[in-house]
Structure formats: structure tokens, C-alpha cells
Amino acid sequence: MASPFRTIWPTDDRFVEVIDQRFLPHEWVVVKLHTYQEAERAIKDMVVRGAPLIGATAAYGIYLAARECIEKNLNASFMDQAFEDMAKSRPTAVNLFWALNRMRLKLKDSLDLVADAWEEAQAIVEEDIETCRMIGVHGLPLIEAISEKKPGERVNILTHCNAGMLGCVEWGTVTSPIYQAKQKGIDVHVYVDETRPRNQGANLTSYELTRHDIPHTLIVDNAGGHLMQHGMVDLVIVGTDRTTRQGDVANKIGTYLKALAAYDNQIPFYVALPSTTLDLKIKDGLSEIPIEERDQNEVKYVIGKNSSGKIESVLICPETTQAVNHGFDVTPSRLVTGLITERGLCAPNEAAILTMFGDLA
Ligand code: MRU
């Protein structure tokens, strides 16, 4: 039951298309990216989002820059500018910088910029699919073990934001073990945090789980602690935008509070991530991970479908109220039970992370 669709794909004329996720779940809108600037805007404006998909879009953005550079006979500074602009699109997800580095290395001594950029972007996308599948393979035993301990009962998993296929290319990180558990016949149910301010949980995770026929319940962001106190959550799995070498985890704002509640209730709190989301250069997440701050209007307004079926944005506070909009928070590794990666389960500490991923440092 792999995904029936991908989130980014090449067109016959070798441009790139993505789903405009700002319209989901209400409308299916596809956007064609022709230039690196369009790819950069798509990341910045959250047409695409989620760490692995940001990386994949940046890689294709560099391909689009290479194509324009050769077609218009532009000089090398055009490519430098493309790398620079793309790197400014969003600050927290390290996959962006990982993908740009990889493209830069590939193109360094390239004799055929366009073909090489195309090949590398395609490779990044294909690898992400396999990586996410493997995260599912390694995460599945966690769900199986819980299911075996409560025969005939549902396994209840809580997640925050969207770390599904819409944040990746296919499968997703958090959703991969869930989809694979369902394939195995395990009765899984997911509590989906709505994830204000942009509601990625309500809009995107609920949409994906609906498409995959996974029972799920949408909850307000503040409900998780209550559910955990009442034994309604067996396992928390979240995604991440950057995880340090000591296992500190940056993820969508609100993740930290879920980790605290899980810790207080002795509920396992796992983070599903591809190794491309590890930042082995940094150790202390709180001081070293750049946290994106977005427009306050994302907090002041809520977007939804009105009773006439039209998508609209409504103000939920006095016009003059000031809001602050930090996109991510950092969960210290002491609150994390484990990391689910494509190479296996990893303890959230420096020794374990470097043993498993030291070759990537
Ligand atoms: O602001 P977003 O929607 O890009 O934030 C996404 C998340 O926080 C995800 O959990 C993370 O990128 C992992 S996606 C597999």
C-alpha cells in the first residue's frame, strides 16, 4: 500500500510539478515550477513543506537553475546566486542545506550541468522513497510489540504536524510504520494534533490517513496531555526538521509539550527521521538550531472552507492584537525514547548516533 501518488514529479518537458499543499484537503491544485525562483517561493510560501520535501524541491530548484543557466548562456554567478537564494528559503529544516550541498558537490566539476543536476535531483527523490520505506520497516516492530501486549485492542498513536508523505515524497516518516502496521493487519488508530497555526495535522495528516483508510481522530493541540493521562495513547511518533548529534529534536512548535506530557505519563516518545535530517555538526539543539519565525497573520487568521464551499481566511482576534509565530521548538534528547531511522532504531545520545551515523559526519 505504498502511496498512490508522489508529492513532486518531473514533467515530460523536464520541468517539475508539485501539489500546492496550501489548498489541501479541500482542493487538489498542482503547480508547475519552471525556474529556481519559483522553487524557492514554493518552499518559502509553503506550497511544499516538510523537511525531506523541502530538500527534494531545493534539489530540483538547482536543476532548474542549471537549465536556465545553460539555455540562456549565463555565467557561473547565476548558479552561485541560485544556491544562495535557495538556502534562504527556510532556516530550520536541515534537509534543505543537505540537498544543496549534495547538488553543489555533484556540479562542482561537472561537464554537463543540466544532465548532472537532473540525475542528482532524481536520485535524491528516489532515495527518499526507499529511506522512508525503511523507516517503516524499523518502526513497525514498536507497533507490533504494543499490539501483542493488548490482544484484540487498538494501538493508539499520537502525532503532531504532518510527517507523512506530504512532507516527503512517498510513504512519509511517521506514517510509514503506521501504513506498514495496517498492511500487517494491526488495528492502528491515530490521534492527530490539529497543529496550529497552519493546521498541518488537521489539513494534511487527516487527509493522508483518510486516503489510506487509517482510523484517526482529530484533536485540538491542547488535548494530548489529557488523553495520555487517561491511558488513551500507547505511543507518540513525530517527525523532525533537524536532530543534533546528541539527539535534540527540532520539530513543529508544540512538539516539546507533547514530549513533556509523554514523559510524565511514561508513554514512549519516538522521532521518525531520515539520516538527511541529522545535523551532526551541532550538539545542543536549544542554542544551535535556528528557529524560523513566520508572519504573525498565520496565528491571527485561520483558513478553512466556509458553508458555501469556498476557502476563506478568518480573523480570530482583535485586528490590533500582536501575535508571535515561532515555527518550531526543540525537544531535548532526555525526553526522547528513541529515533526511528532507515538504518534502525537509535538511542537519542551522541555515542549511539555517532556509532550508527558517524560515516555521515
Ligand atoms: O512547517 P512545516 O510544515 O514544514 O513543518 C513540518 C514538520 O514539522 C515535520 O514534522 C517535519 O518537517 C518532518 S516531515 C517528514
Side-chain angles (χ1 to χ4, degrees), residues 1-9 17-31 46-53 128-129 132-133 135-136 139-140 143 146-147 153-221 223-224 227 232-239 251-252 254-255 258 272 302-312:
M1 195 186 49
S3 148
F5 65 90
R6 289 184 177 190
T7 54
I8 186 164
W9 60 91
E17 283 181 342
V18 294
I19 305 157
D20 190 335
Q21 299 188 19
R22 297 170 305 178
F23 292 95
L24 289 175
H26 310 298
E27 288 173 21
W28 180 266
V29 177
V30 168
V31 178
M46 296 181 69
V47 170
V48 293
R49 29 67 52 202
L53 183 56
D128 185 70
I129 295 168
C132 285
R133 191 186 70 76
I135 288 170
L140 173 62
I143 301 175
I146 294 168
S147 172
E153 283 184 64
R154 279 196 151 163
V155 177
N156 291 298
I157 299 170
L158 183 141
T159 193
H160 191 69
C161 194
N162 172 265
M165 69 176 69
L166 288 165
C168 305
V169 178
E170 259 192 32
W171 286 103
T173 59
V174 167
T175 44
S176 183
I178 295 171
Y179 295 154
Q180 295 190 37
K182 177 161 192 236
Q183 275 178 341
K184 278 226 150 180
I186 297 173
D187 187 10
V188 271
H189 165 264
V190 183
Y191 283 110
V192 179
D193 281 355
E194 61 179 351
T195 320
R196 279 280 287 147
R198 292 185 65 102
N199 287 321
Q200 289 95 328
N203 294 336
L204 305 178
T205 303
S206 305
Y207 173 76
E208 282 193 31
L209 295 176
T210 302
R211 280 186 71 128
H212 281 84
D213 207 16
I214 304 274
H216 60 281
T217 305
L218 181 64
I219 54 173
V220 294
D221 288 325
L227 299 184
M232 295 164 79
V233 177
D234 297 301
L235 172 68
V236 180
I237 318 181
V238 297
N251 191 47
K252 180 54 54 198
T255 302
K258 295 303 139 70
V302 170
I303 298 170
K305 191 168 160 180
N306 68 17
S307 53
S308 330
K310 279 193 116 173
I311 294 179
E312 74 181 12

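Fair warning: this is a prediction, and the values are worked out from it, not measured in the lab.
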Might you confirm whether atom CG of N306 has over 12 heavy atoms from other residues, nucleotides or ligands at distances under 6.0 Å? yes

Quick check: do V169 and I8 have side-chain heavy atoms less than 4.5 Å from each other? yes

N/O donor-acceptor pair under 3.5 Å between T159 side chain and V174 backbone: no

R6 side chain vs C168 backbone, donor-acceptor pair below 3.5 Å: no

Are any non-hydrogen side-chain atoms of I129 and W171 less than 4.5 angstrom apart? yes

Heavy atoms, side chains only, cut-off 4.5 Å: are V18 and V30 in contact? no

Grab the two heavy atoms, one from G167 and one from P52, that are nearest each other, plus how far apart they are. O-CD, 3.2 Å

Which pair of heavy atoms, one from D221 and one from E194, lies closest together, and at what distance? OD1-N, 3.4 Å

In terms of heavy-atom contacts, A202 and L218 come closest through CA-CD1, 3.6 Å

With a 6.0 Å cut-off (strictly less than), is the heavy-atom count around CG of L227, excluding the residue itself, greater than 12? yes

Least distance between heavy atoms, T255 atom then N251 atom: OG1-ND2, 3.0 Å

Nearest heavy-atom pair of I143 and A181: which atoms, and what distance? CG2-CB, 3.8 Å

Show the numbers, then the answer: is there a side chain to side chain donor-acceptor pair (under 3.5 Å) between N203 and R22? CA-CA 9 Å; N203 294 336; R22 297 170 305 178; over 6 Å; no

Separation of S147 OG from L235 CG (nearest 0.5 Å): 12.0 Å

Working to the nearest 0.5 angstrom, can you tell me the gap between L209 CG and T217 OG1? 10.0 Å

Give a yes or no on whether the backbone of N162 and the side-chain of T195 come within a donor-acceptor separation of less than 3.5 Å. no

Interatomic distance, NE2@H26 vs OH@Y207, rounded to 0.5 Å, equals 11.5 Å

Give me the one residue out of H160, H216, Q200 that meets side chain to side chain contact (heavy atoms under 4.5 Å, CB included) with V192. H216

Could you tell me which residues satisfy side-chain hydrogen bond (donor to acceptor under 3.5 Å, both in side chains) with D128, sequence neighbours excluded, listed by chain and number? none

Is there side-chain contact between V190 and L158, with at least one heavy-atom pair below 4.5 Å? no

Candidate list T7, V31, D20, L53, test side chain to side chain contact (heavy atoms under 4.5 Å, CB included), partner V48, passing option: L53

Contact check, side chains of E208 and L166, non-hydrogen atoms, under 4.5 Å: yes

Between Q180 and R133, is there a donor-acceptor pair closer than 3.5 Å when you use the side chain of the first and the backbone of the second? yes

Non-neighbouring partners of K258 that pass side-chain hydrogen bond (donor to acceptor under 3.5 Å, both in side chains), sequence neighbours left out: D193

Report the relative orientation of the aromatic rings in H212 and Y179; use parallel for angles under 30°, tilted for 30 to 60°, perpendicular for over 60°. parallel

State the CZ-OG1 distance between R211 and T175, to the nearest 0.5 angstrom. 12.5 Å

State, yes or no, whether a side-chain contact exists between R49 and Q21 at a heavy-atom distance under 4.5 Å. yes

K252 side chain to V238 backbone, donor-acceptor under 3.5 Å: no

Working to the nearest 0.5 Å, report the span between CZ of R196 and CZ of R198. 11.0 Å

Strictly distance-based, threshold 3.5 Å: is any side-chain N or O of D234 a donor or acceptor partner for the main-chain N or O of V155? no

Return the CD1 to OG distance between I237 and S176, rounded to the nearest 0.5 Å. 10.0 Å

Between C132 and G172, the two heavy atoms sitting closest are CB-O, 3.2 Å

Whether R154 and D187 form a salt bridge (side-chain N of Lys/Arg under 4.0 Å from carboxylate O of Asp/Glu) is what I want to check. yes

Can you find a pair of side-chain heavy atoms, one from I303 and one from F23, that are under 4.5 Å apart? no

Do I157 and H189 have side-chain heavy atoms sitting under 4.5 Å apart? no

